[in-house]
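Step one of this worksheet: look at the structure below.
Everything numeric here is computed off the predicted structure, so don't read it as measured data.
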Amino acid sequence: MKQLMLAPVPLYEQTSHFRIYEHSAIPGLFQTAEYSAAVLRYFIDFLGAPNDLDSALQARIERQQIIYSGNRRFSVILEENAIRVRVGSPETMAGQLDRLLATMSLPRVSLGIVPQAEIRKTFTQVPFWIYDSEMVGVETPTAKLEITQPREVQLYVDMFAHLQGSAVFGAKARALITRALADLSDGS
């Protein structure tokens, strides 16, 4: 798992604009150590991979430094489901949601959330990351697809723009996260 965590570092270092869409999980770049550990534990077990959780977790946390270096921009769209799916304990999720609130205040991070209760304007089946406008990464449970055909990359850029049109930002996004935090306390 450690090697999987280190593999994208050169790509991250070359990218100046990340466009990230996730529908059921918080992106790895914005995860707390506890949340990451729960996700990594699952995949170690599911894939029957050697258990190098500690070194994989350290690598994942170290690669998060990319958020704070250079002049990179991070445009992130999450489905509301991503902030509501409970990963780990309620305390783990509360810490993760707190981290998300802090991260979204960073000057180079734009975070939008597509509310569950709103009428959908667009649909997509898989999470994806766009690296500048050069490549799209799509991760499956067993492989990572790298899409580089300019026409296909442009379709993902267009899809991301549609998702942005369905998302809420700023105070409305913070309110959704705050509500998810409150629901954790209520046991909802």
Side-chain angles (χ1 to χ4, degrees), residues 5-40 57-85 87-88 92-116 118 121-122 124 126-139 144 153 156-182 184:
M5 297 303 105
L6 293 175
V9 170
L11 176 62
Y12 287 8
E13 290 172 344
Q14 295 169 8
T15 302
S16 60
H17 186 198
F18 291 77
R19 281 171 274 195
I20 301 168
Y21 167 71
E22 292 283 350
H23 59 63
S24 61
I26 305 301
L29 288 176
F30 305 103
Q31 293 176 2
T32 63
E34 295 80 10
Y35 186 100
S36 282
V39 171
L40 290 171
L57 185 57
Q58 181 180 352
R60 179 169 237 170
I61 299 304
E62 285 175 10
R63 78 180 189 188
Q64 290 179 354
Q65 292 307 308
I66 204 82
I67 298 169
Y68 308 102
S69 65
N71 290 320
R72 294 173 185 83
R73 293 180 300 132
F74 298 86
S75 301
V76 182
I77 302 294
L78 302 177
E79 294 288 339
E80 185 176 351
N81 187 51
I83 63 171
R84 293 200 164 270
V85 169
V87 175
T92 295
M93 277 308 297
Q96 180 58 66
L97 294 174
D98 281 339
R99 168 86 192 274
L100 204 54
L101 287 168
T103 303
M104 69 187 293
S105 67
L106 294 172
R108 293 179 307 201
V109 174
S110 168
L111 177 78
I113 300 174
V114 179
Q116 290 175 336
E118 298 295 321
K121 297 176 186 166
T122 189
T124 186
V126 297
F128 59 88
W129 290 39
I130 304 170
Y131 303 92
D132 293 323
S133 291
E134 305 300 317
M135 187 186 85
V136 176
V138 177
E139 288 191 23
K144 181 173 181 178
V153 171
Y156 280 91
V157 169
D158 295 344
M159 176 60 73
F160 192 85
H162 285 236
L163 288 161
Q164 284 178 309
S166 295
V168 296
F169 295 85
K172 289 181 179 180
R174 291 179 97 63
L176 286 173
I177 296 169
T178 302
R179 193 170 318 126
L181 259 169
L184 281 170

Just wondering, do Glu79 and Ser24 contact through their side chains at under 4.5 Å, heavy atoms? no
Under a plain distance cut-off of 3.5 Å, with no hydrogens placed, do Ser16 and Asp132 share a side-chain donor-acceptor pair? yes
Can you tell me if Arg108 uses its side chain to pair, donor with acceptor, with the backbone of Arg72 under 3.5 Å? yes
Output yes when a side-chain donor or acceptor of Gln96 lies under 3.5 Å from a complementary backbone atom of Phe30, and no otherwise. yes
From Arg19 CZ over to Ser133 OG, what is the distance, rounded to the nearest 0.5 angstrom? 4.0 Å
Just wondering, do Leu11 and Met135 contact through their side chains at under 4.5 Å, heavy atoms? yes
CD (Gln164) and OG1 (Thr122) are apart, to the nearest 0.5 Å, by 11.5 Å
Using every non-hydrogen atom in the two residues, find where Ile83 and Met93 come nearest and quote the distance to one decimal. O-CE, 3.8 Å
How close do Val138 and Pro127 get, counting heavy atoms only, and between which atoms? CG1-O, 3.8 Å
On a heavy-atom basis, which atom in Lys121 and which in Gly165 lie closest, and how many Å separate them? NZ-O, 3.3 Å
Side chains of Leu97 and Leu184, heavy atoms from C-beta outward: is any pair under 4.5 Å? yes
Quick one: are Val87 and Gln31 in side-chain contact, heavy atoms under 4.5 Å? no
Glu22 side chain to Pro27 backbone, donor-acceptor under 3.5 Å: no
OG1/Thr103 to CZ/Phe74 distance, rounded to the nearest 0.5 angstrom? 10.5 Å
How long is the gap from OG1 on Thr32 to CD1 on Ile61, to the nearest 0.5 Å? 7.0 Å
4.5 Å side-chain heavy-atom contact, Gln116 and Arg84: yes
Out of curiosity, Thr15 OG1 to Trp129 CH2, how far, rounded to the nearest 0.5 Å? 10.0 Å
In Å, rounded to the nearest 0.5 Å, how long is the span from CD1 of Ile26 to CZ of Arg99? 10.5 Å
Could you point out which residue of Leu181, Leu78, Ile113 forms a side chain to side chain contact (heavy atoms under 4.5 Å, CB included) with Leu176? Ile113
Can you label the angle between the Phe128 ring and the Phe160 ring as parallel, tilted or perpendicular, going by 30° and 60°? perpendicular
Kindly indicate, with the supporting measurements, whether the criterion side chain to side chain donor-acceptor pair (under 3.5 Å) is fulfilled by Thr92 and Glu34. CA-CA 6 Å; Thr92 295; Glu34 295 80 10; over 6 Å; no
How close do Pro115 and Ser166 get, heavy atom to heavy atom, and via which atoms? CD-O, 3.6 Å
Given side chains that start at C-beta, do those of Tyr21 and Tyr156 come closer than 4.5 Å, heavy atoms only? no
Closest contact, heavy atoms only, Phe169 versus Ser110: CE2-OG, 3.6 Å
